[in-house]
Amino acid sequence: MSGALRDLLAARIRAEGPLGLAEYMAAALGHPRHGYYATRDPLARDFTTAPEISQMFGELIGLWLVERWQALRSPPRVRLVELGPGRGTLMADALRAARLVPAFLEAVELDLVETSPVLRARQEAALAALAGPPPQWHDRLEQVPEGPLLLVANEFFDALPIRQFQRTPRGWAERRIGLAPDGRLAWGLGPDLPAGALPGLPPAELGEVVELCPAGERLAAEIGGRISEQGGAALILDYGYTASQPGDTLQALREGAPADPLEAPGEADVTAHVDFAALGRAATAAGARCHGPVGQGAFLEALGIGARAARLQQGAGEAQHRAIAEALARLTGPEQMGRLFKALALTAPEAPAPAGFPAPG
Ligand code: SAH
(Lines give C-alpha, C1' and ligand atoms only; values in the text may rest on other atoms or scores of the structure.)
Protein backbone atom coordinates (compact mmCIF):
# COMPACT_ATOMS: atom_id res chain seq x y z
CA MET A 1 0.00 0.00 0.00
CA SER A 2 2.65 2.44 1.12
CA GLY A 3 3.81 4.58 -1.77
CA ALA A 4 0.94 3.45 -4.03
CA LEU A 5 -0.61 6.91 -4.26
CA ARG A 6 2.80 8.53 -4.75
CA ASP A 7 3.40 6.19 -7.70
CA LEU A 8 -0.02 6.95 -9.19
CA LEU A 9 0.60 10.69 -8.92
CA ALA A 10 4.10 10.37 -10.39
CA ALA A 11 2.67 8.47 -13.38
CA ARG A 12 0.02 11.16 -13.83
CA ILE A 13 2.66 13.91 -13.75
CA ARG A 14 4.76 12.05 -16.36
CA ALA A 15 1.72 11.75 -18.62
CA GLU A 16 0.03 15.13 -18.07
CA GLY A 17 2.58 17.48 -16.54
CA PRO A 18 2.74 19.10 -13.09
CA LEU A 19 -0.27 19.04 -10.75
CA GLY A 20 -1.82 22.04 -9.06
CA LEU A 21 -1.74 21.90 -5.26
CA ALA A 22 -5.54 21.59 -5.11
CA GLU A 23 -5.45 18.44 -7.25
CA TYR A 24 -2.63 17.08 -5.10
CA MET A 25 -4.48 17.75 -1.83
CA ALA A 26 -7.72 16.31 -3.18
CA ALA A 27 -5.92 13.06 -4.05
CA ALA A 28 -3.79 12.90 -0.88
CA LEU A 29 -6.84 13.29 1.36
CA GLY A 30 -9.72 11.97 -0.70
CA HIS A 31 -8.48 9.34 -3.18
CA PRO A 32 -11.09 6.58 -2.83
CA ARG A 33 -8.54 3.79 -2.33
CA HIS A 34 -5.38 5.44 -1.04
CA GLY A 35 -6.52 8.81 0.34
CA TYR A 36 -5.70 9.71 3.92
CA TYR A 37 -9.31 10.00 5.10
CA ALA A 38 -10.56 7.10 3.03
CA THR A 39 -8.27 4.58 4.67
CA ARG A 40 -8.05 5.38 8.38
CA ASP A 41 -9.41 7.07 11.47
CA PRO A 42 -6.92 9.95 11.69
CA LEU A 43 -8.20 10.98 15.09
CA ALA A 44 -6.81 7.75 16.51
CA ARG A 45 -3.27 8.65 15.56
CA ASP A 46 -2.46 11.99 14.10
CA PHE A 47 -4.44 14.74 15.76
CA THR A 48 -6.98 15.56 18.43
CA THR A 49 -9.87 17.93 17.88
CA ALA A 50 -11.90 20.03 20.31
CA PRO A 51 -14.82 17.57 20.66
CA GLU A 52 -12.32 14.80 21.46
CA ILE A 53 -10.75 16.96 24.20
CA SER A 54 -13.96 17.45 26.18
CA GLN A 55 -17.69 16.80 26.08
CA MET A 56 -18.15 20.47 27.02
CA PHE A 57 -17.41 21.54 23.44
CA GLY A 58 -20.19 19.52 21.80
CA GLU A 59 -22.63 20.26 24.61
CA LEU A 60 -22.28 24.02 24.24
CA ILE A 61 -22.65 23.72 20.48
CA GLY A 62 -25.79 21.66 21.02
CA LEU A 63 -27.28 24.45 23.11
CA TRP A 64 -26.18 27.00 20.50
CA LEU A 65 -28.08 25.00 17.85
CA VAL A 66 -31.20 24.77 20.03
CA GLU A 67 -31.07 28.55 20.58
CA ARG A 68 -30.84 29.11 16.79
CA TRP A 69 -33.80 26.77 16.22
CA GLN A 70 -35.82 28.81 18.71
CA ALA A 71 -34.67 32.01 16.96
CA LEU A 72 -36.20 30.55 13.77
CA ARG A 73 -39.46 30.24 15.80
CA SER A 74 -39.06 26.52 16.36
CA PRO A 75 -39.98 25.16 12.91
CA PRO A 76 -41.54 21.65 13.09
CA ARG A 77 -38.85 20.33 10.71
CA VAL A 78 -35.22 21.40 10.52
CA ARG A 79 -32.20 19.85 8.79
CA LEU A 80 -29.38 19.48 11.29
CA VAL A 81 -26.23 19.05 9.20
CA GLU A 82 -22.67 18.38 10.22
CA LEU A 83 -19.83 18.57 7.70
CA GLY A 84 -17.04 16.06 8.41
CA PRO A 85 -18.28 14.70 11.75
CA GLY A 86 -15.11 12.69 12.50
CA ARG A 87 -15.94 10.15 15.19
CA GLY A 88 -19.41 11.58 15.76
CA THR A 89 -18.42 12.88 19.18
CA LEU A 90 -19.48 16.49 18.68
CA MET A 91 -22.91 15.50 17.36
CA ALA A 92 -23.47 12.90 20.11
CA ASP A 93 -22.60 15.45 22.83
CA ALA A 94 -24.72 18.13 21.12
CA LEU A 95 -27.79 15.88 20.87
CA ARG A 96 -27.38 14.72 24.46
CA ALA A 97 -27.34 18.35 25.67
CA ALA A 98 -30.32 19.14 23.42
CA ARG A 99 -32.48 16.65 25.35
CA LEU A 100 -33.30 19.64 27.53
CA VAL A 101 -35.63 20.69 24.68
CA PRO A 102 -37.40 17.54 23.43
CA ALA A 103 -39.35 19.45 20.74
CA PHE A 104 -36.02 20.32 19.09
CA LEU A 105 -35.03 16.66 18.85
CA GLU A 106 -38.44 15.84 17.39
CA ALA A 107 -37.96 18.50 14.71
CA VAL A 108 -34.47 17.37 13.68
CA GLU A 109 -33.65 15.50 10.47
CA LEU A 110 -30.00 14.59 10.94
CA ASP A 111 -27.73 14.79 7.88
CA LEU A 112 -24.04 13.93 8.06
CA VAL A 113 -21.78 14.92 5.17
CA GLU A 114 -18.89 12.48 5.24
CA THR A 115 -16.88 10.76 2.53
CA SER A 116 -14.83 8.36 4.66
CA PRO A 117 -16.36 4.89 5.12
CA VAL A 118 -14.14 4.33 8.18
CA LEU A 119 -15.46 7.46 9.88
CA ARG A 120 -19.08 6.87 8.80
CA ALA A 121 -18.92 3.60 10.77
CA ARG A 122 -17.54 5.44 13.82
CA GLN A 123 -20.31 8.04 13.56
CA GLU A 124 -22.97 5.39 13.28
CA ALA A 125 -21.74 3.70 16.47
CA ALA A 126 -21.50 6.98 18.42
CA LEU A 127 -25.03 8.01 17.48
CA ALA A 128 -26.62 4.57 17.88
CA ALA A 129 -25.53 4.56 21.52
CA LEU A 130 -27.56 7.74 22.00
CA ALA A 131 -30.85 6.65 20.41
CA GLY A 132 -31.49 10.14 19.02
CA PRO A 133 -32.69 11.13 15.53
CA PRO A 134 -31.41 8.58 12.97
CA PRO A 135 -28.62 9.96 10.75
CA GLN A 136 -28.53 9.97 6.96
CA TRP A 137 -25.15 10.18 5.24
CA HIS A 138 -24.26 12.19 2.16
CA ASP A 139 -21.05 12.73 0.19
CA ARG A 140 -21.82 16.41 -0.40
CA LEU A 141 -23.96 19.18 1.08
CA GLU A 142 -25.72 19.47 -2.27
CA GLN A 143 -27.41 16.11 -1.56
CA VAL A 144 -28.99 17.26 1.70
CA PRO A 145 -32.72 17.90 1.09
CA GLU A 146 -34.10 21.44 1.24
CA GLY A 147 -35.49 23.14 4.31
CA PRO A 148 -34.40 25.32 7.21
CA LEU A 149 -30.78 24.45 7.96
CA LEU A 150 -28.71 24.29 11.12
CA LEU A 151 -25.16 23.46 10.11
CA VAL A 152 -21.99 22.88 12.07
CA ALA A 153 -18.48 22.22 10.77
CA ASN A 154 -15.49 21.76 13.09
CA GLU A 155 -12.06 21.36 11.53
CA PHE A 156 -13.63 20.63 8.16
CA PHE A 157 -12.68 23.62 5.99
CA ASP A 158 -8.94 23.19 6.74
CA ALA A 159 -9.04 19.89 4.85
CA LEU A 160 -10.44 21.40 1.63
CA PRO A 161 -7.96 21.70 -1.24
CA ILE A 162 -6.20 25.05 -1.66
CA ARG A 163 -4.29 26.68 -4.51
CA GLN A 164 -1.12 28.66 -3.89
CA PHE A 165 0.22 31.54 -5.97
CA GLN A 166 3.61 33.18 -5.66
CA ARG A 167 4.17 36.86 -6.39
CA THR A 168 6.58 37.31 -9.30
CA PRO A 169 7.95 40.49 -10.91
CA ARG A 170 5.29 40.20 -13.64
CA GLY A 171 2.28 39.07 -11.62
CA TRP A 172 1.57 35.67 -10.14
CA ALA A 173 2.65 32.08 -10.79
CA GLU A 174 0.83 29.06 -9.42
CA ARG A 175 2.83 26.64 -7.26
CA ARG A 176 2.69 23.18 -8.78
CA ILE A 177 3.97 19.74 -8.03
CA GLY A 178 6.22 17.97 -10.51
CA LEU A 179 8.98 15.37 -10.41
CA ALA A 180 12.59 15.96 -9.40
CA PRO A 181 15.32 14.18 -11.44
CA ASP A 182 15.49 11.51 -8.73
CA GLY A 183 11.78 10.80 -9.20
CA ARG A 184 10.53 12.47 -5.99
CA LEU A 185 7.59 14.84 -5.92
CA ALA A 186 8.93 18.39 -5.97
CA TRP A 187 7.64 21.96 -6.01
CA GLY A 188 7.74 24.06 -9.14
CA LEU A 189 6.10 27.18 -10.54
CA GLY A 190 3.63 27.40 -13.40
CA PRO A 191 3.74 30.08 -16.10
CA ASP A 192 3.44 33.75 -15.18
CA LEU A 193 -0.11 35.07 -14.96
CA PRO A 194 -0.75 38.79 -15.34
CA ALA A 195 -1.54 40.54 -12.01
CA GLY A 196 -5.13 41.18 -13.13
CA ALA A 197 -5.78 37.47 -13.81
CA LEU A 198 -6.48 36.77 -10.14
CA PRO A 199 -8.75 39.49 -8.80
CA GLY A 200 -9.33 39.38 -5.07
CA LEU A 201 -5.87 38.17 -4.07
CA PRO A 202 -4.46 40.16 -1.15
CA PRO A 203 -1.43 42.33 -1.92
CA ALA A 204 1.88 40.50 -1.50
CA GLU A 205 5.60 41.23 -1.70
CA LEU A 206 7.79 39.63 -4.33
CA GLY A 207 8.24 35.92 -3.52
CA GLU A 208 5.37 35.79 -1.03
CA VAL A 209 2.73 33.10 -1.36
CA VAL A 210 -1.01 33.64 -1.17
CA GLU A 211 -3.62 30.92 -0.88
CA LEU A 212 -7.10 30.48 -2.30
CA CYS A 213 -9.57 27.79 -1.32
CA PRO A 214 -12.09 27.66 -4.16
CA ALA A 215 -13.87 24.60 -2.69
CA GLY A 216 -14.28 26.38 0.65
CA GLU A 217 -15.63 29.52 -0.99
CA ARG A 218 -18.07 27.51 -3.09
CA LEU A 219 -19.31 25.70 0.00
CA ALA A 220 -19.65 28.94 2.00
CA ALA A 221 -21.69 30.37 -0.89
CA GLU A 222 -23.89 27.27 -0.96
CA ILE A 223 -24.50 27.45 2.79
CA GLY A 224 -25.12 31.21 2.65
CA GLY A 225 -27.55 30.80 -0.25
CA ARG A 226 -29.55 28.08 1.48
CA ILE A 227 -29.77 30.05 4.72
CA SER A 228 -30.86 33.26 3.04
CA GLU A 229 -33.54 31.44 1.00
CA GLN A 230 -34.80 28.81 3.45
CA GLY A 231 -33.69 30.10 6.85
CA GLY A 232 -31.24 28.72 9.33
CA ALA A 233 -27.76 29.27 10.67
CA ALA A 234 -24.27 27.83 10.36
CA LEU A 235 -21.37 27.62 12.77
CA ILE A 236 -17.91 27.13 11.30
CA LEU A 237 -14.99 26.48 13.66
CA ASP A 238 -11.41 26.04 12.53
CA TYR A 239 -7.88 27.34 12.76
CA GLY A 240 -7.19 30.24 10.49
CA TYR A 241 -6.99 33.98 10.04
CA THR A 242 -9.49 36.83 10.22
CA ALA A 243 -8.32 38.94 7.24
CA SER A 244 -7.03 37.60 3.92
CA GLN A 245 -3.23 37.81 4.02
CA PRO A 246 -0.18 36.32 2.34
CA GLY A 247 1.55 33.29 3.88
CA ASP A 248 2.20 29.64 3.12
CA THR A 249 0.12 27.75 5.70
CA LEU A 250 0.22 24.31 4.12
CA GLN A 251 1.07 21.74 6.76
CA ALA A 252 1.24 17.98 7.10
CA LEU A 253 1.04 15.70 10.11
CA ARG A 254 2.16 12.11 9.90
CA GLU A 255 1.89 9.84 12.90
CA GLY A 256 1.34 12.90 15.03
CA ALA A 257 4.51 14.74 13.92
CA PRO A 258 5.03 17.54 11.38
CA ALA A 259 5.99 16.15 7.97
CA ASP A 260 6.85 17.31 4.46
CA PRO A 261 3.47 17.63 2.68
CA LEU A 262 4.90 16.05 -0.50
CA GLU A 263 6.69 13.15 1.14
CA ALA A 264 4.00 10.53 1.54
CA PRO A 265 0.65 11.43 -0.05
CA GLY A 266 -2.16 9.45 1.57
CA GLU A 267 -0.09 8.74 4.69
CA ALA A 268 -0.20 12.24 6.18
CA ASP A 269 -2.94 14.73 7.00
CA VAL A 270 -2.42 17.75 4.73
CA THR A 271 -4.27 20.94 5.67
CA ALA A 272 -4.12 24.73 5.43
CA HIS A 273 -5.31 27.58 7.61
CA VAL A 274 -8.79 28.84 6.83
CA ASP A 275 -9.25 32.33 5.37
CA PHE A 276 -12.38 33.33 7.30
CA ALA A 277 -12.63 36.64 5.44
CA ALA A 278 -12.90 34.78 2.12
CA LEU A 279 -15.60 32.46 3.50
CA GLY A 280 -17.48 35.45 4.89
CA ARG A 281 -17.33 37.29 1.56
CA ALA A 282 -18.62 34.25 -0.34
CA ALA A 283 -21.50 33.68 2.09
CA THR A 284 -22.43 37.38 2.18
CA ALA A 285 -22.45 37.59 -1.61
CA ALA A 286 -24.90 34.65 -1.56
CA GLY A 287 -27.27 36.62 0.70
CA ALA A 288 -26.35 35.59 4.26
CA ARG A 289 -25.16 37.71 7.18
CA CYS A 290 -21.77 36.89 8.61
CA HIS A 291 -20.98 37.17 12.36
CA GLY A 292 -17.40 37.08 13.60
CA PRO A 293 -15.04 35.39 13.39
CA VAL A 294 -14.32 35.50 17.11
CA GLY A 295 -11.63 33.48 18.89
CA GLN A 296 -12.76 30.05 20.03
CA GLY A 297 -11.82 31.00 23.62
CA ALA A 298 -14.06 34.08 23.67
CA PHE A 299 -16.84 32.16 21.91
CA LEU A 300 -16.87 29.28 24.40
CA GLU A 301 -16.57 31.64 27.36
CA ALA A 302 -19.56 33.63 26.14
CA LEU A 303 -21.51 30.37 25.91
CA GLY A 304 -20.68 29.63 29.56
CA ILE A 305 -17.91 27.04 29.38
CA GLY A 306 -16.54 28.29 32.71
CA ALA A 307 -19.80 27.52 34.52
CA ARG A 308 -20.14 24.18 32.73
CA ALA A 309 -16.62 23.17 33.79
CA ALA A 310 -17.33 24.17 37.40
CA ARG A 311 -20.53 22.13 37.34
CA LEU A 312 -18.73 19.03 36.04
CA GLN A 313 -16.03 19.51 38.66
CA GLN A 314 -18.55 19.38 41.50
CA GLY A 315 -18.33 15.97 43.04
CA ALA A 316 -15.49 14.90 40.70
CA GLY A 317 -12.43 13.22 42.19
CA GLU A 318 -9.12 15.07 42.25
CA ALA A 319 -7.77 13.60 39.01
CA GLN A 320 -11.03 14.27 37.18
CA HIS A 321 -11.15 17.80 38.60
CA ARG A 322 -7.69 18.47 37.18
CA ALA A 323 -8.54 16.88 33.81
CA ILE A 324 -11.54 19.21 33.42
CA ALA A 325 -9.40 22.26 34.26
CA GLU A 326 -6.83 21.13 31.68
CA ALA A 327 -9.46 20.59 28.99
CA LEU A 328 -10.89 24.05 29.68
CA ALA A 329 -7.43 25.59 29.32
CA ARG A 330 -6.75 23.69 26.10
CA LEU A 331 -10.00 24.74 24.47
CA THR A 332 -9.90 28.40 25.55
CA GLY A 333 -6.31 29.36 26.44
CA PRO A 334 -4.94 32.07 24.12
CA GLU A 335 -1.70 30.14 23.57
CA GLN A 336 -3.60 26.89 23.04
CA MET A 337 -6.79 26.69 20.94
CA GLY A 338 -8.42 29.90 22.19
CA ARG A 339 -7.07 32.34 19.64
CA LEU A 340 -5.77 30.48 16.58
CA PHE A 341 -9.08 28.62 16.39
CA LYS A 342 -12.01 30.82 15.47
CA ALA A 343 -15.78 30.65 15.19
CA LEU A 344 -17.76 32.18 12.33
CA ALA A 345 -21.57 32.19 12.19
CA LEU A 346 -23.82 32.67 9.18
CA THR A 347 -27.47 33.65 9.50
CA ALA A 348 -30.23 35.15 7.40
CA PRO A 349 -29.57 38.85 6.73
CA GLU A 350 -32.18 40.16 9.18
CA ALA A 351 -31.23 37.84 12.07
CA PRO A 352 -29.71 39.23 15.26
CA ALA A 353 -26.31 38.01 16.42
CA PRO A 354 -26.32 34.40 17.63
CA ALA A 355 -25.08 33.51 21.14
CA GLY A 356 -21.34 34.01 21.47
CA PHE A 357 -21.07 36.72 18.80
CA PRO A 358 -21.17 40.50 19.24
CA ALA A 359 -24.20 42.37 17.89
CA PRO A 360 -23.60 43.55 14.29
CA GLY A 361 -22.18 47.10 14.43
N1 SAH B 1 -15.27 17.40 12.90
C2 SAH B 1 -14.51 16.30 13.44
C3 SAH B 1 -13.48 15.72 12.45
C4 SAH B 1 -12.51 16.66 11.82
S5 SAH B 1 -11.45 15.80 10.66
C6 SAH B 1 -13.86 16.69 14.73
O7 SAH B 1 -13.89 17.88 15.05
O8 SAH B 1 -13.36 15.83 15.43
C9 SAH B 1 -12.21 16.17 9.10
C10 SAH B 1 -13.46 15.41 8.81
O11 SAH B 1 -13.95 15.80 7.52
C12 SAH B 1 -13.32 13.91 8.75
O13 SAH B 1 -14.52 13.35 9.22
C14 SAH B 1 -13.13 13.66 7.24
O15 SAH B 1 -13.38 12.35 6.86
C16 SAH B 1 -14.09 14.65 6.67
N17 SAH B 1 -13.82 15.13 5.30
C18 SAH B 1 -12.65 15.65 4.85
N19 SAH B 1 -12.78 16.09 3.58
C20 SAH B 1 -14.06 15.85 3.23
C21 SAH B 1 -14.83 16.10 2.04
N22 SAH B 1 -14.26 16.69 0.98
N23 SAH B 1 -16.11 15.76 2.03
C24 SAH B 1 -16.70 15.19 3.12
N25 SAH B 1 -16.03 14.93 4.26
C26 SAH B 1 -14.73 15.25 4.32
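All ligand and atom numbering here is 1-based and tracks the order in the structure.
For ligand 1, the atoms lying closer than 4.0 Å to a non-hydrogen atom of Ser116 are 15 (O). Every atom of ligand 1 is numbered from 1 in the order shown, and the set under 4.0 Å from a heavy atom of Pro51 is 6 (C), 7 (O), 8 (O). Close approach of ligand 1 to Glu155 (heavy-atom distance below 4.0 Å) involves ligand atoms 4 (C), 5 (S), 9 (C). Remark: ligand 1 atoms within the under-4.0 Å shell around heavy atoms of Gly86 are 2 (C), 3 (C), 13 (O).
In this structure, Arg322 pairs ionically with Glu318, as a charged nitrogen and a carboxylate oxygen lie closer than 4.0 Å. Ion pair Arg96/Glu59 flagged as a salt bridge, since at least one NZ, NE, NH1 or NH2 atom sits closer than 4.0 Å to an Asp/Glu carboxylate oxygen.
The closest protein non-hydrogen atom to atom 8 (O) of ligand 1 is Thr49 OG1, 2.5 Å. The shortest contact between atom 22 (N) of ligand 1 and any protein heavy atom is with Leu160 CD2, 4.1 Å. In this structure, the protein non-hydrogen atom closest to atom 17 (N) of ligand 1 is Phe156 CE1, 3.9 Å. Summary of contacts: the protein heavy atom closest to atom 24 (C) of ligand 1 is Thr115 OG1, 3.4 Å.
Shown here is Arg330, whose CZ atom has no more than 12 heavy atoms of other residues, nucleotides or ligands within 6.0 Å. Other residues, nucleotides and ligands contribute over 12 non-hydrogen atoms within 6.0 Å of the CZ atom of Arg99. By the 6.0 Å contact criterion, CD on Gln320 is open, its count of non-hydrogen atoms from other residues, nucleotides or ligands being 12 or less.
Within the 4.0 Å heavy-atom criterion, both parts of Asn154, backbone and side chain, lie near ligand 1.
Figure legend: cation-pi geometry between Arg176 and Trp187 absent, as NZ or CZ is not positioned both under 6.0 Å from the six-membered ring centre and within 45° of its axis.
Taking 4.0 Å as the cut-off, Leu119 counts as a neighbour of ligand 1 on heavy-atom distance. For Gly30, the heavy-atom gap to ligand 1 stays at 4.0 angstrom or more.
Inspection of the Tyr239 and Thr271 side chains reveals an N or O donor paired with an N or O acceptor under 3.5 Å.
Residue Gly84 has at least one nitrogen or oxygen atom sitting less than 3.5 Å from a nitrogen or oxygen atom of ligand 1, judged on distance alone. Looking at Glu114 next to ligand 1, an N or O pair under 3.5 Å apart turns up.
Between Glu67 and Ala355, the shortest heavy-atom distance links the atoms OE1-N, 4.0 Å.
Aromatic ring orientation, Phe357 versus Trp64: perpendicular (interplanar angle above 60°, classes split at 30° and 60°).
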